[in-house]
J.: 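A single structure is presented below for examination.
Just so it is clear, the model here is predicted, and its values are computed rather than measured. Residue numbers count from 1 along this sequence.
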Amino acid sequence: MKSFIVNKDGSTEIREIPVPKYGPNQALVKTIACGMCGTDIKLLHKTFKGFPESVYPIILGHEGVGEVVEVGKDVTSFKIGDKVLLPFVDPYPELGIGSGWGALSEYAVVCDPNAPWPDGNVPECAYAQTVLSDDLDPVDAVMLVTFREVLSNIRYFGIKPEDSVVVFGCGPVGLTFIKFLHLYGVKEVTAIDIIDEKLVSAQKNGAKHTINSKDIDVEKKVRELYPDGVDYVLDAIGNPFVVNAAMPLIKDRGSVLCYGVPEKEEITIDFSKADYNWRVIYQQMPRKAEEGAAHEQVLEWIRSGELVVKDFISDYFKFEDSVDAYQKLLDRKIEKKGVIVF
């Protein structure tokens with residue numbers, strides 16, 4: 001099969017490798033599509049936590065959807081023809097190839113949570129490798145990975161409808177946070193970005209206030225809107241600078257919420273402008289069981305028309321053009337979600 005590879009020197013290529021093997025509790029899927037993500041950028045930069053240079057080259061991709069083409073003998077949760085979310089490809093140690101989850105491959109593997117795993121040790125990924133219903137477009141369904149991660153994070157962070165939230169970043173993740181906070185009933189949402197078009201999208205998706213941080217003093221504006229500060233500042237960028245930018249914005253006992261893995265694994269916090277009591281909460285890797293548990297609520301919003309999947313996708317690319325597509329992502333030429341189609 002063909003897979004998208006990130007080499008040790010950071011270059012990328014599509015390379016032929018063997019189709020992954022699968023066990024009696026697993027199924028083989030043929031990939032339909034895979035979303036492009038900020039996590040991919042950090043893996044391309046070789047700055048993602050837990051991925052030292054020694055594991056490269058790696059197979060990229062974690063927002064995949066595939067169709068089941070073969071099943072192991074003990075599989076009961078999948079059947080041939082099922083469309084499944086979040087298939088992965090394990091490393092190939094015999095070839096010296098690691099895995100950045102590997103869904104940018106023509107074939108991948110899913111695990112059956114209901115199969116008889118030794119000692120009951122079900123792989124965590126199995127709880128999020130969900131069979132998709134027939135009413136979902138399997139290409140656009142790559143967005144469900146982001147949707148479920150974001151919703152599970154809102155639940156983990158404990159945000160309530162009466163809270164005030166400032167969101168830094170209005171890319172695909174930030175826009176999803178803003179939309180879901182709105183669907184959750186949170187009315188006091190302020191969006192911050194440096195691109196006016198993204199702020200317009202944020203307002204359409206539920207932001208009450210928008211601030212272009214290139215033109216406006218964020219601290220001054222937020223304090224005009226919320227003299228006592230806000231309950232939460234949410235980092236939807238994955239950049240440690242947000243923690244310090246948030247210090248003068250949060251109220252007493254307010255929280256800075258950081259979603260995703262930052263490129264730098266340390267941070268110095270200047271809390272001279274903060275109140276006396278505050279928290280910084282990182283959720284770098286949502287738990288797969290929590291992602292899976294968010295699936296039904298996401299489906300409910302989609303089926304009711306409150307959540308329109310295509311509103312979050314701006315670009316589609318053929319798999320054979322994925323090297324160029326990722327260069328566009330690095331060059332910030334993809335406004336919302338980019339999708340690689342096989």
Side-chain angles (χ1 to χ4, degrees), residues 22-23 25-29 31-35 37-39 61-68 71-72 74-79 81-90 99-103 108-159 172-173 176-177 179-181 183-184 257 259-261 282-304 306-307 309 312 337 339:
Y22 63 96
N25 300 335
Q26 298 173 309
L28 182 71
V29 305
T31 308
I32 295 170
C34 187
C37 179
T39 295
H62 72 280
E63 296 186 349
V65 172
E67 180 176 345
V68 175
V71 295
D74 293 328
V75 167
T76 60
S77 299
F78 309 121
K79 64 181 185 302
D82 281 345
K83 311 299 191 298
V84 186
L85 200 65
L86 224 62
F88 294 145
V89 177
D90 286 336
S99 175
W101 295 284
V109 172
V110 291
C111 300
D112 183 357
N114 297 312
W117 293 90
D119 300 319
N121 294 321
V122 180
E124 188 189 5
C125 63
Y127 296 110
Q129 292 175 325
T130 311
V131 176
L132 298 174
S133 51
D134 292 337
D135 59 335
L136 294 173
D137 180 329
V139 172
D140 289 352
V142 300
M143 272 307 310
L144 268 71
V145 179
T146 299
F147 289 162
R148 302 190 318 177
E149 286 184 4
V150 166
L151 180 55
S152 66
N153 271 264
I154 290 172
R155 291 173 171 176
Y156 169 72
F157 290 141
I159 302 172
V173 169
T176 303
F177 266 111
K179 180 67 174 182
F180 284 16
L181 289 169
L183 292 173
Y184 240 57
L257 311 174
Y259 167 73
V261 178
Y282 272 90
Q283 170 109 309
Q284 296 182 15
M285 190 73 67
R287 293 181 177 175
K288 295 305 176 190
E290 294 171 349
E291 282 184 44
H295 190 81
E296 287 305 317
Q297 178 62 78
V298 170
L299 282 188
E300 184 179 318
W301 283 335
I302 291 172
R303 287 168 177 161
S304 70
E306 296 173 280
L307 178 62
V309 179
F312 297 82
K337 175 68 73 178
V339 180

J.: Testing the basics here: between N25 and A115, what is the closest heavy-atom pair and its distance to 0.1 Å?
T.: OD1-CB, 3.4 Å
J.: Less than 4.5 Å apart, side chain to side chain, heavy atoms only: is that true for V109 and D90?
T.: no
J.: Which pairs pass salt bridge (charged side-chain N to carboxylate O under 4.0 Å, His left out) with one or both residues in residues 132-146, sequence neighbours excluded?
T.: D135-R303, D140-K310
J.: Considering residues at least two apart in sequence or located in another chain, which fulfil the ring-ring contact (aromatic ring centres under 6.0 Å, His included) criterion with W301?
T.: F180
J.: My understanding is that only residues two or more places apart in sequence, or in another chain, count here; which of them pass salt bridge (Lys or Arg N to Asp or Glu O under 4.0 Å) with R155?
T.: none
J.: Hey, what do you get for OG1 (T176) to CE (M143), rounding to the nearest 0.5 Å?
T.: 4.5 Å
J.: Considering residues at least two apart in sequence or located in another chain, which fulfil the side-chain contact (heavy atoms from CB on, under 4.5 Å) criterion with Q283?
T.: N153, Y156, F157, P286, E290
J.: Suppose we screen for side-chain hydrogen bond (donor to acceptor under 3.5 Å, both in side chains). Which residues come up paired with S77, at least two apart in sequence or across chains?
T.: D112, N114
J.: Among residues at least two apart in sequence or on other chains, which ones pass ring-ring contact (aromatic ring centres under 6.0 Å, His included) with H295?
T.: none
J.: Residues two or more places apart in sequence or in another chain: which of them pass side-chain hydrogen bond (donor to acceptor under 3.5 Å, both in side chains) with E306?
T.: S304
J.: Report yes if some heavy atom in the side chain of L136 is under 4.5 Å from a heavy atom in the side chain of L299; otherwise report no.
T.: yes
J.: Taking side chain as C-beta onward, heavy atoms only, is R287 less than 4.5 Å from Y127?
T.: no
J.: How many angstroms lie between OH in Y184 and CD1 in I159, if you round to the nearest 0.5 Å?
T.: 9.0 Å
J.: Hey, does F88 have a side-chain heavy atom less than 4.5 Å from the side chain of C111?
T.: no
J.: Quick check: do T39 and W101 have side-chain heavy atoms less than 4.5 Å from each other?
T.: yes
J.: Could you check if a side-chain atom of L144 sits within less than 4.5 angstrom of a side-chain atom of I302, using non-hydrogen atoms only?
T.: yes
J.: In chain order, what residues pass the side-chain contact (heavy atoms from CB on, under 4.5 Å) check against V142, with sequence neighbours excluded?
T.: A33, V65, V339
J.: Looking at A103 and P87, what are the two nearest heavy atoms and their distance?
T.: CB-O, 3.6 Å
J.: Please list, chain by chain and in numerical order, all residues satisfying salt bridge (Lys or Arg N to Asp or Glu O under 4.0 Å) with K337, sequence neighbours excluded.
T.: E63
J.: Please test T130 against L86 for side chain to side chain contact (heavy atoms under 4.5 Å, CB included), starting from the C-alpha separation and ending with a verdict.
T.: CA-CA 8 Å; T130 311; L86 224 62; over 6 Å; no
J.: Roughly how far, to the nearest 0.5 Å, is the CD atom of E67 from the CZ atom of F78?
T.: 13.5 Å
J.: Taking the side chain as C-beta and beyond, is there a heavy-atom pair between H62 and C37 under 4.5 Å?
T.: yes
J.: Can you name the residues that form a side-chain hydrogen bond (donor to acceptor under 3.5 Å, both in side chains) with K288, not counting sequence neighbours?
T.: E291
J.: Is any side-chain heavy atom of V68 closer than 4.5 Å to a side-chain heavy atom of V75?
T.: no
J.: Heavy atoms only: give me the nearest A108-T31 pair and the separation to one decimal.
T.: N-OG1, 4.3 Å
J.: Suppose we screen for ring-ring contact (aromatic ring centres under 6.0 Å, His included). Which residues come up paired with F312, at least two apart in sequence or across chains?
T.: F147
J.: Please identify each residue that fulfils side-chain hydrogen bond (donor to acceptor under 3.5 Å, both in side chains) with Y22, with sequence neighbours left out.
T.: E70
J.: For A141 and L132, which heavy atoms make the closest approach, and how far apart are they?
T.: CB-CD1, 3.6 Å
